[in-house]
Protein chains: 2
Amino acid sequence: MDYQSFCQQYQPSKKELFTQFYHFFKDKFSVKNERIAVEKLATIIEATFKLSANQSFANMSLRQLSKESGLSMGGLYAYIQNKQQLSLFIHEFLSYFVIKTINQVTNNKGCNNLECIIKTHIYLSELLQPWFFFAFMESKNLSRDEIKAAIQSDLLMESKLIEVIKCGQQEEIYSTILKAETVASLTKPLLSEWYLKRWKYKKRGMSIDQYCLAVMIFIERGLSSPHSLTELEQS
Amino acid sequence: MDYQSFCQQYQPSKKELFTQFYHFFKDKFSVKNERIAVEKLATIIEATFKLSANQSFANMSLRQLSKESGLSMGGLYAYIQNKQQLSLFIHEFLSYFVIKTINQVTNNKGCNNLECIIKTHIYLSELLQPWFFFAFMESKNLSRDEIKAAIQSDLLMESKLIEVIKCGQQEEIYSTILKAETVASLTKPLLSEWYLKRWKYKKRGMSIDQYCLAVMIFIERGLSSPHSLTELEQS
DNA sequence: GTCTATAGCCGGATAGAC
DNA sequence: GTCTATCCGGCTATAGAC
């Protein structure tokens, strides 16, 4: 699986994405016309990403947002009840969407190896980079309960990693110098790195698949037992 | 070198730290009595860390800060010219302090190996965890020029890493599958992970030296050339 | 050096016309 | 559905007493 083939199967168009978004929170919007709502929501969310990427969500005023999105202040409030809810919407939908996609991928492909899980996460974070970036940066401002909900997709990813690693360790494909939990924990920041510092790698001319490869080399080697290392080196 | 010995040599007391802080910005404070200023600055900065850890610097009001630090609103303004400057002070001093310490360590010890550089960074980030956390989270709100300045310690670290890795590659101790720049880039998020998620590892009972060991295993293996891998495994 | 009191502004949110 | 106009609270920052 490479990025291109992943996209063909799982990349939603902007319209598809925000249609799902609309239906996920349907009853919360006073705007009932789906066609209009989907379009405006896309504008609002994207403007939010743009503005809070430079400053931060807290520093973004709704006046700025209204200007950037082309809606009036009043118009904005047809889509959100208050500012905080806007942030919440983003967190909750991302969490839902990530979990859904991860489950899809792992089920469909019978893909239960490290490489597949890691690539799925990196590819997803590429497709939804502003979402991931926002969720990472603004997670602090959620209330306890909201954090719990938003963290689920993170936990799912981590548990999938641990599961696969433990499995490999039992089959003695992987070394047990490091606990599965430790490897999983060290893997996660390598996944975040891609969407947090994407500009850096783009600038350097590193493609997403090259990045995945580098991460895989790191992890596979960190996990490799002595007799498998020589093979790895040759491949 | 372990954490304890690092502390003995480099850990500043709170008083020492904020005395340096005071002198670094001396002319900016209207309070001239050093004894008083150092003490109050410590209170203010620590209150800032506490408050912006839960919310964010942007969401922290100066009223909250005045309550938390025990100074009145007016009193605060003897130490800062405005809110933004408070954030700037933290970034600038941290950058200065990190660069200073890294240079000290690498010079004193003739410590020019990967392990030493990585440990230095992780140990430092432990000593100054709130500073590092703050700098990471609030870096977005700096202006372009300020970012450049604050990023210097980051660059220094990265260039030191690259240098050492390239050196090892030339001596054929390290493999060249991955470019030195790539390994350095993948290493940095592993360093940040410790101060960003410290509670997680504390809770799990993982000590800082255990964490360093795990990171070193990851990286050394990612870099190891085939003939050195077997040795590594046995050690 | 530090406080209280207050100026002045800006941001979130709402009412009501269209 | 969307806009304009406006309210009101809270924020940063300052003036001036002690």
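Every heavy atom of this structure was used, including side-chain atoms; hydrogens, water molecules and symmetry mates were not. Chain letters run A, B, ... following the sequence lines, proteins first, then strands; residues in each count from 1. Since the model is a prediction, treat every value here as computed from it, not as a measurement.
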How many whole angstroms separate atom CG of Leu76(A) from atom P of dT4(D)? 13 Å
Going by heavy atoms closer than 4.0 Å, what residues in residues 82-93 of chain B are next to DNA chain C? none
Distance check needed: dA15(D) C1' versus Met73(B) CE, whole Å only. 14 Å
Leu71(A) CG to dT4(D) P: how many Å, rounded? 11 Å
What is the distance from CD1 of Ile80(A) to C1' of dG12(C), rounded to the nearest Å? 10 Å
Close approaches to DNA chain D from residues 14-47 of chain B, in residue order (heavy atom, under 4.0 Å): none
Note down the inter-axis angle between the two ends of the helix from dG1(C)-dC18(D) to dC18(C)-dG1(D), five pairs each, to the nearest 10°. 0°
Aromatic centroids of Phe18(A) and Phe24(A) separated by under 6.0 Å: no
Once you measure the plane-to-plane angle for His91(B) and Phe134(B), does it fall in the parallel (<30°), tilted (30-60°) or perpendicular (>60°) bin? tilted
Atom pair distance, as rounded to whole Å: OH in Tyr77(B) and C1' in dT2(C): 15 Å
Using atom NZ of Lys67(A) as one end and atom P of dT4(D) as the other, report the distance to the nearest whole Å. 12 Å
Between CG of Leu51(B) and P of dT12(D) the distance, given in whole Å, is 12 Å
